[in-house]
Amino acid sequence: VSLAVQAVLTVVIFAGIYDAFGLTSAESDSRVRDAIYFSTVTWTTLGYGDLQPPEAMRLVAAFQAVLGYIYLGSLVAIIGSLLVDQDKTDPK
């Protein structure tokens, strides 16, 4: 499974968890949209702060942020490795 598919699946799975347990916001007209938005913001570790998980879900959000760090770090390492390998095989 590609890294992009894994990332999207992770965001959607966590969004489902956040939707089930609710989010705290000033005004919310779409729970699903808010859950996907919050999951994406958490996964990418932006953390705007306009939506918050309930107190019982804070560790889940922190875990998702750590997964996002690991994912993005791995992605950078893979891309860097591919570029180095390409540079080694490129005759100059």
Side-chain angles (χ1 to χ4, degrees):
V1 179
S2 75
L3 290 175
V5 172
Q6 289 176 0
V8 170
L9 286 175
T10 303
V11 167
V12 169
I13 289 168
F14 275 94
I17 293 169
Y18 299 133
D19 183 44
F21 286 90
L23 293 168
T24 304
S25 67
E27 53 184 70
S28 178
D29 57 348
S30 174
R31 286 180 23 201
V32 173
R33 185 181 69 218
D34 285 350
I36 291 172
Y37 165 77
F38 178 78
S39 182
T40 303
V41 168
T42 302
W43 175 254
T44 58
T45 66
L46 290 172
Y48 288 132
D50 52 344
L51 297 174
Q52 297 177 356
E55 190 171 332
M57 296 298 295
R58 289 182 185 168
L59 284 177
V60 173
F63 178 70
Q64 184 186 14
V66 169
L67 286 177
Y69 277 128
I70 292 168
Y71 174 83
L72 294 173
S74 298
L75 184 62
V76 169
I78 290 168
I79 291 171
S81 176
L82 291 172
L83 291 174
V84 167
D85 288 345
Q86 180 183 13
D87 191 44
K88 287 181 181 177
T89 60
D90 188 21
K92 292 183 178 183

Going only through I, L, V, M, F, W and Y residues with side-chain contacts under 4.5 Å, is there a path from Ile79 to Ile70? no

Any idea which heavy atoms bring Ala35 and Ala15 closest together, and the distance? CB-O, 3.3 Å

Going by the rule side chain to side chain contact (heavy atoms under 4.5 Å, CB included), which residues pair with Ala61 if we only count those two or more places apart in sequence or in a different chain? Tyr18, Phe38, Thr42, Pro53

More than 12 non-hydrogen atoms from neighbouring residues, nucleotides or ligands closer than 6.0 Å to CG on Leu59, yes or no? no

Decide whether Val66 and Val60 are clustered together by the hydrophobic rule: side chain heavy atoms of Ile, Leu, Val, Met, Phe, Trp, Tyr closer than 4.5 Å, transitively. no

What is the distance from atom CG of Leu67 to atom OG1 of Thr45, rounded to the nearest 0.5 Å? 12.0 Å

Which value, rounded to the nearest 0.5 Å, describes the distance between Thr44 atom OG1 and Leu72 atom CG? 7.5 Å

Under 4.5 Å between side-chain heavy atoms, hopping through other hydrophobics if needed: is there a path connecting Leu51 to Val32? no

Can you get from Val12 to Val41 by hopping between Ile, Leu, Val, Met, Phe, Trp and Tyr side chains that sit under 4.5 Å apart? no

Linking I/L/V/M/F/W/Y whenever their side-chain heavy atoms sit closer than 4.5 Å, directly or via other members, would Leu46 and Ile36 fall into one cluster? no

Closest non-hydrogen contact found for Thr10 with Ser39 is O-OG, 4.5 Å

Nearest non-hydrogen partners of Ile17 and Met57, listed with the distance: CG2-CE, 3.1 Å

Test your reading of the model: is there a side-chain donor-acceptor pair from Gln64 to the backbone of Phe14, 3.5 Å cut-off? no

